[in-house]
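We name chains A, B, ... by the order of the sequence lines, and we start the count at 1 in each one.
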There are 2 protein chains.
Amino acid sequence: MAPTRADTVYAGLRRAIIEQALAPGDKLPEDQIGRSFGVSRTLVRGALSRLQSEGLVHIRANRGAEVARPTLAEATDIFEMRRCLELEATRRLAARAGPDDIARLEAHLAEETASLGVNDTRSIRLAGEFHILLAELAGNQVLLGYVAELVSRCSLILALYGRPHSAECGVREHRDIIEALRRRDGDAAARLMQHHLDDVAGRALLSDPAARPRDLGAILEPYAG
Amino acid sequence: MAPTRADTVYAGLRRAIIEQALAPGDKLPEDQIGRSFGVSRTLVRGALSRLQSEGLVHIRANRGAEVARPTLAEATDIFEMRRCLELEATRRLAARAGPDDIARLEAHLAEETASLGVNDTRSIRLAGEFHILLAELAGNQVLLGYVAELVSRCSLILALYGRPHSAECGVREHRDIIEALRRRDGDAAARLMQHHLDDVAGRALLSDPAARPRDLGAILEPYAG
DNA sequence: TATGCCAATATTGTATACAATATATTGACG
DNA sequence: CGTCAATATATTGTATACAATATTGGCATA
């Protein structure tokens with residue numbers, strides 16, 4: 001089941017958005033993206049359409065696609081649902097976590113720690129992926145899909161309204177959550193997760209969305225592989 | 001913002017699946033569907049791709065699309081999440097429901113009641129839409145989207161594993177839920193909703209998935225408008 | 001009759017062409 | 001100097017063409 005070229009475009013754009021190489025509001029012209037990835041507009045359209053259904057891209061008829069710019073109301077809804085679903089995941093996992101689950105979480109935490117001052121982009125990505133891993137271990141595929149989607153959309157919101165990233169803050173809290181899960185203490189884990197998510201949401205404070213011109217080709221170059 | 005023709009195809013296929021005119025496993029060849037709707041394969045592909053991302057259609061590379069056939073494990077996950085999210089919606093609505101909300105629910109209930117022996121397809125659709133309306137009134141767009149998706153996917157599951165529909169059963173329970181919401185009694189409403197959903201899930205019992213040949217053109221004809 | 005291989009057919013994967021719509025530019029006029 | 005209209009350009013909307021892959025049917029062989 002080799003990933004098709006359409007998947008490559010989809011995944012590349014998705015990463016570029018999540019890692020904030022592409023900022024909310026950036027235009028995404030089909031032919032330009034097609035040139036970057038070496039595919040035709042047909043495939044680009046498909047990728048953009050998928051991204052729209054995940055809420056990462058906004059498409060207006062006859063006016064093209066751009067990286068989604070969630071309103072404050074949408075941002076609120078997204079954070080609310082993220083909290084709801086991640087608490088569900090945390091409780092489920094607390095009720096079923098085995099030693100191998102804990103081991104996977106700790107391995108991930110080690111990666112997070114290792115990347116801390118070294119590679120900022122990687123830090124940001126790993127911090128998000130911790131939450132996705134947790135949802136995966138909770139054992140419900142649908143829950144996993146929704147959490148993954150909401151975590152992605154939160155990157156957008158932080159890019160729009162958040163302070164510049166200080167990725168470090170999360171790691172300690174992640175460790176505490178793992179500890180509670182190891183003790184199978186669902187209430188404690190849920191409480192810690194709730195505080196952690198409130199922290200993240202709290203960083204959603206207005207900063208000026210400085211609009212500088214952007215060279216799409218250069219931005220996408222590292223994602224086109 | 002006139003709905004484009006791609007949307008027409010998407011919506012038509014979606015309805016055909018949800019109303020069980022198209023059964024799980026039915027093949028969905030692009031050119032045939034294109035002929036039914038009077039559009040090219042390009043637009044059909046887009047629609048199928050969107051339906052896949054909602055879990056209603058399954059696409060395999062070079063082998064085409066078919067109506068999704070959720071496994072029993074997937075069905076379990078879907079029902080679990082549906083319960084989780086609908087309970088959330090019910091509690092939220094109980095905390096905020098105003099007279100106009102109640103009025104809209106009751107208007108819907110009246111439609112459900114009116115269609116009871118008259119039009120089976122319509123009955124099934126309205127029963128599902130009650131849950132979607134409730135989620136809409138809960139006031140979170142993301143929650144609404146997820147509930148709508150899960151309700152759709154449950155139609156698939158009932159088509160696969162469920163007994164033949166007896167739509168009537170739901171209406172009484174819907175009325176009780178509205179009553180609890182009117183009293184702003186969140187606990188009672190959530191409890192009633194939980195029982196109601198357990199009923200629905202309980203109908204997911206094995207029946208033989210009789211595979212008869214199906215005339216795709218005839219099935220789609222009423223949806224192609 | 002059963003089985004495996006090869007051609008024939010059908011279906012999807014992708015690019016490109018042309019039409020329709022939106023955006024930008026230019027120039028005239030107040 | 002600013003505003004509006006007309007045109008030119010760019011971008012999306014859709015269909016079609018051709019290539020690549022899967023499926024089907026027939027034929028030879030055991």
Do nucleotides 7-14 of chain D as a string where each nucleotide becomes B, S or -: B if the base has a protein heavy atom under 4.0 Å, S if just the sugar-phosphate does, - if no protein is that close.
----SBBB
Per the salt bridge (Lys or Arg N to Asp or Glu O under 4.0 Å) rule, which among Glu111(A), Glu19(A), Glu112(A) passes with Arg122(A)?
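Output: one option passes, namely Glu111(A).
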Could you give all pairs that pass the side-chain hydrogen bond (donor to acceptor under 3.5 Å, both in side chains) test and reach residues 144-153 of chain A, with sequence neighbours left out?
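Checked against side-chain hydrogen bond (donor to acceptor under 3.5 Å, both in side chains) - neighbours excluded - the pairs reaching residues 144-153 of chain A are Arg14(A)-Ser152(A), Tyr146(A)-Glu149(B), Glu149(A)-Tyr146(B).
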Salt-bridge present (Glu54(B), Arg50(B); N to O < 4.0 Å):
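Salt bridge absent between Glu54(B) and Arg50(B).
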Does any non-hydrogen side-chain atom of Glu86(B) lie less than 4.5 Å from one of Val147(B)?
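Heavy-atom side-chain distance check passes, below 4.5 Å.
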Whether the side chain of His174(A) engages the backbone of His108(A) through a donor-acceptor N/O pair (distance < 3.5 Å, no angle test) should be reported.
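No, the answer is negative, given that no donor and acceptor are paired below the 3.5 Å cut-off.
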